[in-house]
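The next block holds one structure in the form of structure tokens; read it before the comments.
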Number of protein chains: 2
Amino acid sequence: MGRKQTKSGKIRLTEVAKLAGVSPITASRFFRNPEALSLSKRERVDSAVKELGYVPNLAARALASHRTEVIGVVIPSLTNNVFADVLRGIYDSSEGSRYTIQLANTRYSILQEEKLLRLFRAQKPAGLIVTGINQTAESRAILESMNCPVTQIMEIGDSPVDMMVGFSHYDAASAAISHILEQGRRRIGFLGARMDPRVQRRFEGYRDAMKDASLFDPNLIVTTSVPTTVTLGGTLFADLLAQAPDIDAVFCVNDDLALGVLFECQRRQISVPGDLAIVGFNDLEFTASAVPSLSSVRTNRYEMGRHAVTMVIESIEGRRPQEPILDLGFQLMVRESSTPQSV
Amino acid sequence: MGRKQTKSGKIRLTEVAKLAGVSPITASRFFRNPEALSLSKRERVDSAVKELGYVPNLAARALASHRTEVIGVVIPSLTNNVFADVLRGIYDSSEGSRYTIQLANTRYSILQEEKLLRLFRAQKPAGLIVTGINQTAESRAILESMNCPVTQIMEIGDSPVDMMVGFSHYDAASAAISHILEQGRRRIGFLGARMDPRVQRRFEGYRDAMKDASLFDPNLIVTTSVPTTVTLGGTLFADLLAQAPDIDAVFCVNDDLALGVLFECQRRQISVPGDLAIVGFNDLEFTASAVPSLSSVRTNRYEMGRHAVTMVIESIEGRRPQEPILDLGFQLMVRESSTPQSV
DNA sequence: CAATCCGATGGTAGCGCTGTCAATAATTGT
DNA sequence: ACAATTATTGACAGCGCTACCATCGGATTG
């Protein structure tokens with residue numbers, strides 16, 4: 001003790017080992033499996049590490065061990081608020097751990113996804129988190145050939161590549177429609193933008209719920225492949241009104257569209273919920289303070305991110321979760337926009 | 001040609017070199033500096049790479065070269081829409097390049113920032129992008145000791161660590177206030193949440209503009225350190241009304257707050273812009289379709305991300321930009337919420 | 001035509017760490 | 001007390017690539 005690192009040379013594991021009076025390999029084990037060391041050596045290495053301010057060289061570690069401590073995350077969009085929340089959960093959960101998050105963005109392109117997955121496979125990540133359950137056959141094959149835990153997020157289905165965290169978009173949409181029907185509304189419009197597989201599932205939930213009630217009508221439906229915005233909500237709603245002027249409710253596949261509809265109603269002096277009920281999806285923060293407050297379906301996105309990372313890490317470290325499929329469910333948030341006016 | 005890789009062994013650079021009939025080091029140069037190869041060898045290596053499906057081992061490369069191809073990005077928040085746009089620019093710009101983005105989130109903690117910077121320094125990134133210009137002395141020292149290009153984003157100032165891309169929050173806020181004053185409003189409230197350095201600068205812009213007009217009054221100011229939300233906008237506005245019932249305008253440090261104010265006005269039947277003008281900041285998408293549409297200050301966030309990456313990469317590759325400071329400016333978006341009612 | 005230079009190529013020697021397996025010390029059962 | 005077993009520890013080799021020279025042929029020059 002009392003020695004200082006003054007030489008120009010950087011500190012390698014060897015230096016730490018020398019100072020601690022152990023072999024390099026023992027020092028190495030200190031990081032990977034400290035329990036395997038005797039208490040005395042562990043303490044000696046520990047203080048040597050601190051004294052020298054040693055930082056492991058990750059490249060060398062990866063090269064020697066044929067492993068990395070990277071968890072790959074593949075999401076389709078960075079713009080979408082929804083993924084921001086998931087990402088926050090992912091980064092928060094990874095923080096305490098030794099693992100690093102490597103983010104990749106497919107921009108909703110299937111080809112891009114395949115490319116990215118191939119890239120990830122080449123880098124041998126410790127784990128992988130991918131969005132959705134509708135990978136192409138090719139992508140799925142890559143995922144299955146990947147020699148690491150994989151968690152699919154955002155939705156759940158029958159045949160996970162490995163693990164899944166999400167909820168049923170179909171059920172969530174059905175629940176929303178049931179709620180609107182219970183309010184006595186009959187002409188329920190559907191507004192959808194960027195019809196990715198999950199939005200598609202919400203549509204199916206809507207469609208089947210309407211069919212079950214014998215209220216299905218193609219005129220009630222307006223969709224587009226354009227990315228979602230608040231402004232788009234207004235535009236689509238205008239289209240919907242043109243197609244079906246007698247609607248008394250609208251189900252929007254996300255809250256941005258719902259807000260756009262609300263604004264458009266204000267513009268056209270359509271009373272909400274008097275003339276029209278609105279229900280959104282995702283329960284973004286603003287829904288609660290809109291006037292009238294917007295009903296929505298709460299999805300546990302932050303938790304989804306957290307769980308996904310936790311499951312992957314546990315799995316990497318040999319504690320694979322009992323249940324590979326985790327259903328985080330949803331909560332219907334009934335607010336003013338879909339209930340009788342209380343004034 | 002016509003040979004197939006069937007052996008179990010993975011493809012290393014050596015295999016590529018053998019197939020191409022060159023030495024490994026020449027094959028290596030093919031990736032780093034193809035111009036240095038003769039055309040014939042370049043073609044031979046190229047086809048060997050393709051035939052074998054060779055993928056470089058990045059860990060080995062990093063270990064041997066003492067460099068990585070990672071650009072670190074340090075941002076204070078993942079929740080904030082503003083950073084989502086910047087990130088999109090960053091990821092989009094990095095995509096074509098050989099560089100990988102490594103994202104880290106300080107959650108607005110100075111200590112966390114120092115920790116992350118230290119971590120990055122240890123990993124020798126090829127470049128670094130950090131948020132803001134108010135690093136602690138310690139952080140700044142780390143940045144300066146970092147042996148790579150560094151770009152500070154979101155705002156600009158006098159003494160860049162290396163490079164900067166951003167705009168003047170002070171000027172942007174001043175411009176917003178001037179505009180409101182031009183509308184004949186005199187009692188202009190200030191609403192601020194999470195007073196980070198940039199928000200602080202906007203405040204100063206507001207304060208000085210008000211002082212210049214001899215209209216400054218502490219009662220017009222409501223701020224909090226709580227993270228910003230739409231709901232919070234309503235709450236702060238209620239506080240402001242209690243403090244200064246005679247206000248005729250509000251400048252909000254971001255659009256979420258502005259939307260919250262708008263909703264609160266709807267709730268209280270305060271006419272906008274009749275009784276109250278509202279101006280937000282950032283020009284998020286929804287401002288244009290709100291009723292009334294919300295005036296705001298457009299900031300070029302996506303471009304900021306793009307430029308930051310480009311500047312860093314150019315700099316890494318020896319083409320350092322002439323001007324280390326890039327001012328992306330802002331645009332005052334004047335909309336209904338701050339102009340005379342046109343009805 | 002020799003002296004010089006330059007562009008293209010290759011040989012050697014690691015980068016810093018960990019996998020494998022052998023060696024040694026500590027512990028246990030009978 | 002002694003063999004058998006289990007915890008600790010270490011030696012060695014090598015992961016896949018590139019830095020650093022050395023080399024070599026050919027173009028340039030006077």
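Numbered from 1 within each chain, the chains take letters A, B, ... in sequence-line order. The structure displayed is predicted, hence computed values, not measured ones.
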Looking at B/R140, I'd like to know if its CZ atom is crowded, meaning that more than 12 non-hydrogen atoms belonging to other residues, nucleotides or ligands lie closer than 6.0 Å.
yes

Residue whose nearest DNA chain C nucleotide is more 5′ - B/P24 or B/H66
B/P24

Within the distance-only criterion (no hydrogens, no angle test), does the side chain of B/N57 pair as donor or acceptor with the backbone N or O of B/A60 below 3.5 angstrom?
yes

Residue B/L13, side-chain heavy atoms: nucleotide from C/dG11, C/dG16, D/dT18 that is nearest:
D/dT18

Consider the side chain of B/A64, meaning its heavy atoms from C-beta on, and name the nucleotide among C/dG16, C/dT18, D/dT18 that approaches it most closely.
D/dT18

In whole angstroms, the gap separating C1' of D/dG16 from CG of B/L58 amounts to 11 Å

Out of C/dA8, D/dG16, D/dT9, which nucleotide sits closest to the side chain of B/S38?
C/dA8

What is the nucleic acid contact for A/R67, judged by heavy atoms within less than 4.0 Å: base, sugar-phosphate only, or nothing?
sugar-phosphate

According to a strict under-4.0 Å criterion, is B/T14 in side-chain N/O contact with OP1 or OP2 of D/dG16?
no

B/S40 vs B/L63, nearer the 5' end of DNA chain C by closest nucleotide:
B/S40

The side chain of A/R12 is closest to which nucleotide in this list: D/dG16, C/dT9, C/dC17?
C/dC17

Between B/S65 and C/dC15, is there a side-chain N or O to OP1/OP2 distance below 4.0 Å?
no

Begin from the C-alpha positions of B/R29 and B/E35 and carry the test salt bridge (Lys or Arg N to Asp or Glu O under 4.0 Å) through to its verdict.
CA-CA 9 Å; B/R29 271 192 275 261; B/E35 290 76 27; over 6 Å; no

Strictly below 4.0 Å: does B/S28 bring a side-chain N or O up to OP1 or OP2 of D/dC17?
no

For atom CZ of A/F30 and atom C1' of D/dT9, their distance in whole Å:
16 Å

It should be established whether A/R32 places a side-chain nitrogen or oxygen under 4.0 Å from OP1 or OP2 of nucleotide C/dC17.
no

If I take atom CG in residue A/L52 and atom P in nucleotide C/dG16, what distance separates them, rounded to the nearest angstrom?
15 Å

Is the phosphate of D/dT9 approached by A/T26 (side-chain N or O, under 4.0 Å from OP1 or OP2)?
no

Integer-rounded Å distance: D/dA19 P and B/N33 CG:
11 Å

Base, sugar-phosphate or nothing for B/R29? Non-hydrogen atoms, less than 4.0 Å.
base

Nearest-Å distance for atom pair CD1/P, residues A/I11 and C/dC15
15 Å

How long is the line joining CG of B/L37 and P of C/dC6, in whole Å?
20 Å

Rounded to whole Å, NZ of B/K18 lies from P of D/dC17 at a distance of 13 Å

Could you walk me through whether B/M154 and B/I75 pass the side chain to side chain contact (heavy atoms under 4.5 Å, CB included) check?
CA-CA 10 Å; B/M154 298 311 291; B/I75 58 167; over 6 Å; no

Just compare C/dT9, D/dA11, D/dG16 and give me whichever is closest to any side-chain atom of A/I25.
D/dA11

When rounded to whole Å, the CZ to P distance for the pair B/F31 and D/dG16 reads 15 Å

Start with the C-alpha distance between A/K50 and A/D46, add both sets of side-chain angles, then the distance that settles salt bridge (Lys or Arg N to Asp or Glu O under 4.0 Å), and finish with yes or no.
CA-CA 6 Å; A/K50 288 197 179 114; A/D46 187 49; 3.0 Å; yes

Verify the neighbour count for atom CG of B/N33: are there more than 12 heavy atoms of other residues, nucleotides or ligands below 6.0 Å?
yes

Between C/dC17 and A/R61, is there an OP1 or OP2 to side-chain N/O distance shorter than 4.0 Å?
no

